There are 2 protein chains.
Amino acid sequence: MKKITVLCHTVKVSPRRSNPQTRSALVDIAARLLSDEGPQALSARRVAAEAGSSTMAVYTNFGGMSGLVHDMVYEGFARLETYFSHVGRTADPVADMVLFGRAYRHNALTNPHLYAVMFGGASLAGFSLTAEDRQYGRYTLTNVVECATRCIEAGRFRTGDAELVAHQMWTAIHGLVTLELGHYLIDPCNADVVFEAQLTGLVVGVGDTLEAATRSVKASRRRLKKEVQSTRPGPSVEEEPASARRS
Amino acid sequence: MKKITVLCHTVKVSPRRSNPQTRSALVDIAARLLSDEGPQALSARRVAAEAGSSTMAVYTNFGGMSGLVHDMVYEGFARLETYFSHVGRTADPVADMVLFGRAYRHNALTNPHLYAVMFGGASLAGFSLTAEDRQYGRYTLTNVVECATRCIEAGRFRTGDAELVAHQMWTAIHGLVTLELGHYLIDPCNADVVFEAQLTGLVVGVGDTLEAATRSVKASRRRLKKEVQSTRPGPSVEEEPASARRS
DNA sequence: TTTTTTTCATAACGCTGTTATGTCAGCTCG
DNA sequence: CGAGCTGACATAACAGCGTTATGAAAAAAA
């Protein structure tokens, strides 16, 4: 009896909808707080208050703080993919590969707190990636695998597994970026110095010659500004750091 | 009048001392909880209750949860140094270098949650490393710098900055270990596969030949059990993972 | 024994994410 | 138009967190 009533009304009634402005305000405010003040600034009460709502808005729109952060993180993956999509496909596949490394680092430096959740295993407002999330986020790696294939076919890298080569690049650049964001790399071996040496070392390690590698690394450095740093993937989840990291 | 009294008694009065058994119980319990249940299990109430105390014991012994974690982290640095000190000094400095990489990874796998605080920028129970802590923790890197010097002098690595080479090794292995601990590395490019390839790639990238590198990596693998995995730096802060990570 | 000092149990504070409750807003239908 | 229905969302409360405040208890010296 009661069940029939519910079925009839489910089809026909379109009750109150959530205010779309509230949802986007919550995301924008959360992003700003994270960028300006870091993870501890992110609380349901703080975000809701600045949006002029109660904390219930976080629950109805996102299911809770975890849902809000989840959305932010997926936007972070999309941003990385956008940066990668702007890396050109040139006659020098090794330079392209190195530019992917630069794009990866640029993304992390632009959104450090999000990066820590995306790839650093960090937890934010109680949210940690699920296994599914993690494997989803790896889709950006296909760009690197495809580029490694081109490097192998061009004879610059040893014949071998392109996916494995891509993993070597990824894990190494991830390590440098993580330590950089954590302020572990100081003069004389600061982050820029180590990064440049590592880019060369990585491609030589998988088969390139030192001379060719040096040229490709240099060429990729010249392309950085135009192909990567000029990219605006959308309203910045986290603002560009106030101090320029590149002299 | 009152001040004179205080001075007299400061010298002579030895009032109640904290119970040393409480202090060590708190550390052991915290370590066990962290290892068995992860970071969210670490709360002042939980740790104190299992030690048969109130949370005030955490404050009088350690100044708070941060102090407790700080002590655990410094013990983590000491453990890494112990592992490193067991890496022998052989006629093959590149094999020694690679074994440092293996020791580093072994330490991280043995104490993953602590590792995340030591080098991963993670915050645990509200504790994050200070700049001073971070630079202190880098003292373990001197082992690697010294080994890089030997590799350069032996002609295995290109002439260059040994400290920079050590940073290249460190950042790359750190990256792999971090992603491994985060469960990002899956078949076919699982952590072991990428790690072995990366070890070879890194030393080739700084000047070794592929043939010599392959031999040194292989030799270091044979030394792992005896020089590193047999090392017991003390009661484990975190127990060995239940499932063997090495087939 | 008394005095002094510190430890530490207990209670309370201010914060967190979240749930419970009931009012309000928005929509459909007669 | 009003009635009824449904979900949004304000408010209060819950249970947990680290920490501080308070005073009793423990330990040591004189």
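Since the model is a prediction, treat every value here as computed from it, not as a measurement. Only heavy atoms go into these numbers, but all of them, side chains included; no hydrogens, no water, no symmetry mates. Chain letters run A, B, ... following the sequence lines, proteins first and then strands; every chain starts at 1.
- Between B:Arg23 atom CZ and C:dT7 atom C1' the separation is 14 Å, expressed in whole Å.
- For D:dA27, the base has no donor-acceptor partner in the side chain of B:Arg16 [N/O atoms by modelled type, under 3.5 angstrom].
- Taking atom CZ of B:Arg46 as the reference point, atom C1' of D:dG16 lies 13 Å away to the nearest angstrom.
- Projected onto DNA chain C by closest heavy-atom contact, A:Ser43 and B:Arg45 fall at different nucleotides, the more 5' of which corresponds to B:Arg45.
- Across the protein-nucleic acid pair, B:Leu124 atom CG and D:dC17 atom C1' stand 14 Å apart, rounded to whole Å.
- Contacts of B:Ser53 with the nucleic acid, taken as non-hydrogen atoms under 4.0 Å apart, involve only primed sugar atoms and P, OP1 or OP2.
- Comparing C:dA25, C:dC8, D:dT19 by their nearest atom to the side chain of B:Met65 picks out D:dT19.
- In this structure the side chain of A:Trp170 never reaches within 4.5 angstrom of the side chain of A:Thr140, judged on heavy atoms.
- The side chain of A:Met56 sits closest to D:dA10 out of C:dT18, D:dA10, C:dA9.
- Set against C:dC24, C:dT7, D:dT19, the side chain of B:Thr60 has C:dT7 as its closest nucleotide.
- If you take OH of A:Tyr59 and C1' of D:dC14, they are 12 Å apart, rounded to a whole angstrom.
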- From CA spacing to verdict: side chain to side chain contact (heavy atoms under 4.5 Å, CB included), B:Tyr59, B:Met56: CA-CA 5 Å; B:Tyr59 292 89; B:Met56 279 308 302; 4.1 Å; yes

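- Within 4.0 Å of A:Leu42, counting heavy atoms only, lie sugar-phosphate atoms of the nucleic acid but no base atom.
- The nearest whole Å value for the distance from the CG atom in A:Asn19 to the C1' atom in C:dC24 is 14 Å.
- Here B:Ser54 does not reach the OP1 or OP2 of C:dC8: none of its side-chain N or O atoms lies under 4.0 Å away.
- Between B:Phe77 and B:Tyr139, the two ring planes are perpendicular [angle over 60°; tilted spans 30° to 60°].
- With 3.5 Å as the limit, one finds no donor-acceptor pair spanning the side chains of A:Thr110 and A:Asn107.
- We find that CG of A:Leu68 is positioned 13 Å from C1' of C:dG17, with the value rounded to whole Å.
- Side-chain contact of B:His174 with B:Tyr115: a donor-acceptor pair under 3.5 Å is present, judged by distance alone.
- Rounded to an integer number of Å, the gap from CD of A:Gln21 to C1' of D:dA8 is 15 Å.
- The CD atom of A:Gln40 sits 17 Å away from the P atom of D:dG18 (whole-angstrom rounding).
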